[in-house]
Protein chains: 2
Amino acid sequence: MKAAARPCSIADTLALVGEKYALLVLREVSLGVHRFDRIARNTGAPRDVLTARLNRLVEAGVLEKVAYSERPPRYEYRATPAGQELQPVLLTLMAWGDRHLNADDRPVVLEHRCGAPLSPVVVCAHCGGEADRASLSADVRTPGWTTTGPDTDTA
Amino acid sequence: MKAAARPCSIADTLALVGEKYALLVLREVSLGVHRFDRIARNTGAPRDVLTARLNRLVEAGVLEKVAYSERPPRYEYRATPAGQELQPVLLTLMAWGDRHLNADDRPVVLEHRCGAPLSPVVVCAHCGGEADRASLSADVRTPGWTTTGPDTDTA
DNA sequence: GGTATAGGTTTGATTTCCCAACCCACACCT
DNA sequence: AGGTGTGGGTTGGGAAATCAAACCTATACC
């Protein structure tokens, strides 16, 4: 047996969208870029890799193919509701890069409906308080996996 | 010339933490697992890959090596402030996986200070309103790059 | 007919990833 | 003193993913 890793939704999500370019494809789609050629150029993904990513994301229900031409048959890629729910991941990644990598000039600035440039904050849906390190405690539900690792591991 | 991809903080951030296992390493550190062997087991990362990731994350200022023993010299890895600021990325990834991949039983449940199990929501720091697709508009600051691509396009 | 566009597929070279084995310095036990 | 265990890696070679460029199919445009 092969010493399985910790069961975790982060790992499961990354197994789907953690491959190279997958999240950049989602970025483009969510910016309104829906067609193969343009996604390829905007992300820099090789075309064969892009084909693989698109198929996988469609299969996973994150994107869907929508016909925009009958003759010749042509499709574009749009985010499903599940795909749109990945937007928070993109927002938090962007916020971190804006702060730590591109502090002096941000390549893209999102404007919120309220009129301000968006700085995204993660809060608790229940109380509205910020969800940072200090305000959270983990409840690990898999027997043998604590925050400090599996106790006396079976070798 | 080589048809550069869109300038973007998401891409820049992923160039750092988008390689395989990088975010899982961060997950472990943020769960209180700081040592090489245990991080290796809990993430499933091969040891050489883990060595490469840890060095890269230290070099990038996301993790730091802290000595916990002089003789023999031994180090553990801890998140810097910059590393702690990646927590929102982990939270949003986990939330998506909890909802779409592990809806029936979540492997880890985080409890917020308020007592409720955390469901993280991304809001605008300025007005506190939720930041979803409909409430955002993009301002692309790099000449030639719009939301529809570098040259002409119809949405 | 010739050219352009859109969305791929194929080919072959280059990078990563993976995994088992090995190494080193020390602690602990006998 | 010798043997065993632990922590934190490094090394080597094979498997898999990525890359760039060329190629293919179908249709529209001139």
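Chain A is the first sequence line, chain B the second, and so forth, proteins listed ahead of strands; every chain is numbered from 1.
Here the side chain of A:Pro46 is nearest to one of C:dG7, D:dA20, C:dC19, namely D:dA20. Taking the side chain of A:Arg71 as heavy atoms from C-beta on, and the options D:dA28, D:dG9, C:dG8, the nearest nucleotide is D:dA28. Considering only the side chain of A:Arg53, D:dT18 comes nearest among D:dT10, D:dT18, C:dG8. Distances from the side chain of A:Val49 to the nucleotides C:dG8, D:dC19, C:dC26 place D:dC19 closest. Distances were taken from every side-chain heavy atom of A:Asp48 (C-beta onward) to each of D:dC19, C:dG8, D:dG8; the shortest belongs to D:dC19. Of the listed nucleotides (D:dG7, D:dG9, D:dG12), D:dG7 has the atom at the smallest distance from the side chain of B:Arg74.
Using a 4.0 Å cut-off on heavy atoms, the residues of residues 58-68 of chain A that approach DNA chain C are A:Lys65, A:Tyr68, listed by number.
Residue A:Ile39 contributes atom CD1, which lies 13 Å from atom P of C:dA6 at whole-angstrom precision. Rounded to an integer number of Å, the gap from B:Arg38 CZ to D:dG8 P is 10 Å. As a whole-Å value, the separation of A:Glu19 CD from D:dA16 P is 15 Å. In this structure, B:Asp37 places its CG atom 15 Å from P of D:dG5, rounding to the nearest Å. Note: CD (B:Glu70) to C1' (C:dA27) measures 16 Å, nearest angstrom.
Below the 3.5 angstrom threshold, one finds a donor paired with an acceptor across the side chain of A:Arg47 and the base of C:dG7.
When all heavy atoms of A:Thr13 and B:Leu93 are compared, the closest pair comes out as OG1-O, 3.1 Å. Taking every heavy atom of both residues into account, A:Val122 and B:Pro88 meet most closely at CG2-CB, 3.7 Å.
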### Message
side-chain contact (heavy atoms from CB on, under 4.5 Å) for A:His126 and B:His112? Distances and angles first, verdict last.
### Response
CA-CA 9 Å; A:His126 181 254; B:His112 191 244; over 6 Å; no
### Message
Is there a side-chain contact (heavy atoms from CB on, under 4.5 Å) between B:Leu24 and A:Arg6? Walk through the geometry before answering.
### Response
CA-CA 10 Å; B:Leu24 297 186; A:Arg6 179 199 292 281; over 6 Å; no
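Judged by closest nucleotide on DNA chain D, B:Glu76 is the one of B:Glu76 and A:Pro73 placed further toward the 5' end.
In this structure, a donor-acceptor pair under 3.5 Å is absent between the side chains of B:Asp12 and B:Ser9.
Both tests hold for A:Arg35 against A:Tyr68: distance to the six-membered ring centre under 6.0 Å, angle to the ring axis within 45°.
For the atom pair CG (B:Leu91) and OG (B:Ser119), the distance works out to 11.5 Å, reported to the nearest 0.5 Å.
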